[in-house]
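Step one of this worksheet: look at the structure below.
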Amino acid sequence: MAEETKKKVVVVGAGVIGASIAFDLQRRGLQVTLVDKGEPGRGTSFGNMASIALDFAAGSGPSTWKKMPGWLLDPEGPVWLRPSYAVKMLPWFLRFLASGRPSRLREIEDAGMSLSQRALGDFRQMLQAIGASELMTEEGCLAIYETEAEFAADRGHLAMMQRYGLEFEVLSNGAIQYYEPALSPAIAKAVLLPDNKSIRDPYRLVVKLAEAAKAAGAAFVSGAVRNIERKGDGAVIVLLDDGRLEADSVVLAAGVHTRFLAEKLGEPIPLETERGYHTQIMKPGISMRYSVIWPARAFMVTPTAGGIRVGGNVELAGLDAAPDFRRPRVLVRHARRALPGLKLEEATDWMGHRPALPDTIPIISPSSKMPGIFYATGHGHLGLTYAATTARLIGDMVTGIEPPVDPTPFRIDRY
């Protein structure tokens, strides 16, 4: 295809979602420009927990409602709400509660699982296409339960996995240490999730995606996007701080920052930041084969990026508040309870902004207001998991192909 006849697409946001989309679109023969104010992979994608988590779980619901008061009152619980941000969170929180109605909950689970059931296959194809299959581990994930009561409290989630055909195996006693010797013998139960793989270095993955897109002909522009306009001839203009780009289509994949551009386009979305923390330990004193998630305490431990990463939980405090690095210390203390040999040497703390929607499922959608604009945001805890599948769906939408997944649940005007 001659260069001048290629359809031009600007992708805003160079995290794992944006980089995956840029690579997919460039492979399809479009001329892509990837835009970000920073380097690819240096934002929220840098610090994710490196997990391809297929066991989708809706955020809201009766079981969550029962736990929420205790979580909010517990200074070491899995959800922290800064009092100064409580009033601003209220509209989002009311939508969150509404999404947990039993009738809505099944719709959300069906939608989330329609992505999860494709995620691993799509991810493997993407890794193969960029020549980086080695970045995915073959080991799975262990969900651990310190007591039988913790395990019983999670039976609803296990029933949901059975309903959608996800494989898992319940382990007890010595079988747990057989799979992961570093785990404490005090752990009463574990569930092996064999298809929940890990990425050996999530930052390196984004870099490889951006490099592969560039090698195929894509361009990268460093700059902050301030607004988007449409010309009379149908072209879309992306206005930067110090310039402008003209395109046939624009994909907005800038995480939580997408909400500011959506507001300017007249279609506000209830996108909030769930601030997440991690501690990267380069001399942990133990080795791990499997990633480990502790559902009752809502955190993970993953061997990744050359060490062991401890992270998770949710802090609701907005974009501007300073990080509270007491939070990752709580997570490390919990991790040491599960992994008694874990040491804290050559460790660094990090905080990032997960883009979260109140119904847990992302927006993967054309604009409802302006032709040529597409959205890929709000993936919450599953940005890495859904990256390749989101790229496939956006690529189909931009090029006019019917997506392999019903896109209706992910439309931008569902609220």
Side-chain angles (χ1 to χ4, degrees), residues 8-28 30-52 122-123 125-136 199-226 238 240-243 245 247 249-258 261 273 276 278 280 304-306 309 348 350-355 362 374-379 382-392 394-395 398:
K8 295 179 180 179
V9 183
V10 171
V11 178
V12 180
V16 69
I17 298 292
S20 298
I21 292 169
F23 174 68
D24 182 275
L25 291 172
Q26 190 67 38
R27 284 187 79 205
R28 292 175 187 244
L30 284 68
Q31 183 57 53
V32 175
T33 300
L34 182 60
V35 181
D36 199 294
K37 62 183 178 181
E39 297 177 14
R42 284 292 182 180
T44 298
S45 294
F46 180 84
N48 67 49
M49 288 308 297
S51 176
I52 308 297
D122 287 343
F123 216 109
Q125 288 180 18
M126 183 176 73
L127 289 177
Q128 184 176 16
I130 66 173
S133 296
E134 76 285 352
L135 283 178
M136 181 183 289
I199 297 300
R200 299 185 194 279
D201 189 333
Y203 167 65
R204 182 61 185 155
L205 168 66
V206 180
V207 171
K208 291 281 287 185
L209 283 164
E211 289 175 346
K214 185 176 179 181
F220 177 76
V221 171
S222 179
V225 176
R226 294 306 177 196
V238 179
L240 306 174
D241 275 344
D242 56 356
L245 298 169
S249 299
V250 174
V251 182
L252 301 178
V256 71
H257 301 282
T258 305
L261 294 172
T273 169
H278 85 219
Q280 180 73 27
T304 192
R309 182 171 294 180
T348 54
W350 175 93
M351 188 273 287
H353 296 277
R354 304 184 194 98
F374 299 84
Y375 291 87
T377 190
H379 294 74
L382 296 175
L384 181 65
T385 301
Y386 290 161
T389 300
T390 297
R392 166 74 186 273
I394 290 291
V398 171

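The first residue in the sequence is number 1, and the count goes up from there.
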With rounding to the nearest 0.5 Å, note down the distance linking CD in Q280 to CH2 in W350. 11.0 Å
Using side-chain heavy atoms (C-beta onward) and a distance below 4.5 Å, is L252 in contact with T377? no
May I ask you to test the T385-F123 pair for a side-chain heavy-atom distance under 4.5 Å? no
Is the side chain of T390 donor-acceptor paired with the backbone N or O of Y386 at a distance under 3.5 Å, no angle test? yes
If I compare all heavy atoms of Q31 with all of G217, which pair ends up nearest, and what's the gap? NE2-O, 2.9 Å
Check G18 against L34 and note the closest heavy-atom contact, atom names and distance. O-CD1, 4.0 Å
Do I130 and L205 have side-chain heavy atoms sitting under 4.5 Å apart? yes
Inter-residue atom distance H379.NE2 - I17.CD1, 0.5 Å rounding: 4.0 Å
Quick one: closest heavy-atom pair of A376 and I21, and the distance? CB-CD1, 3.6 Å
Can you name the closest pair of heavy atoms from M136 and L127 and give their distance? CB-CD1, 3.7 Å
Pairwise side-chain contact, D241 with R226, heavy-atom cut-off 4.5 Å (strictly under): yes
Over all atoms of both residues, closest heavy-atom pair of A19 and L209: CB-CB, 3.9 Å
Mark yes when over 12 heavy atoms from residues, nucleotides or ligands other than Q128 sit less than 6.0 Å from its CD; otherwise mark no. no
Once you round to the nearest 0.5 Å, how far does CD1 of I52 lie from CG of L384? 4.0 Å
Quick check for you: to the nearest 0.5 Å, what is the distance between M126 atom CE and F23 atom CZ? 8.5 Å
Which atom names give the shortest non-hydrogen contact between E134 and R200, and what distance separates them? O-NE, 2.6 Å
For the CZ atom on R27, are there more than 12 heavy atoms of other groups (residues, nucleotides or ligands in this structure) within a distance under 6.0 Å? no
Side-chain contact, heavy-atom cut-off 4.5 Å: V9 with F374? no
Passes side chain to side chain contact (heavy atoms under 4.5 Å, CB included), V251 versus L25? Steps please. CA-CA 10 Å; V251 182; L25 291 172; 4.3 Å; yes
Does any N or O in the side chain of T304 come within less than 3.5 Å of the main-chain N or O of I199, such that one atom is a donor and the other an acceptor? yes
Q26 side chain to A213 backbone, donor-acceptor under 3.5 Å: no
Heavy atoms, side chains only, cut-off 4.5 Å: are M351 and H278 in contact? no
Does the side chain of R309 reach to within under 4.5 Å of the side chain of P202, using non-hydrogen atoms? yes
Passing candidate, side-chain contact (heavy atoms from CB on, under 4.5 Å) with V238, options L261, V250, T33, V221: V250
Is there a side-chain contact between V35 and V11, using heavy atoms and a 4.5 Å cut-off? no
Judged by atom type as modelled, is there a donor-acceptor pair below 3.5 Å linking the side chain of S45 to the main-chain atoms of V16? yes
Measuring from N48:CG to Y203:OH, what's the distance to the nearest 0.5 Å? 13.5 Å
Give a yes or no on whether a salt bridge exists between D24 and R392, defined as a side-chain N under 4.0 angstrom from a carboxylate O. no
V206 and F46: side chain to side chain contact (heavy atoms under 4.5 Å, CB included), yes or no, with the steps? CA-CA 8 Å; V206 180; F46 180 84; over 6 Å; no
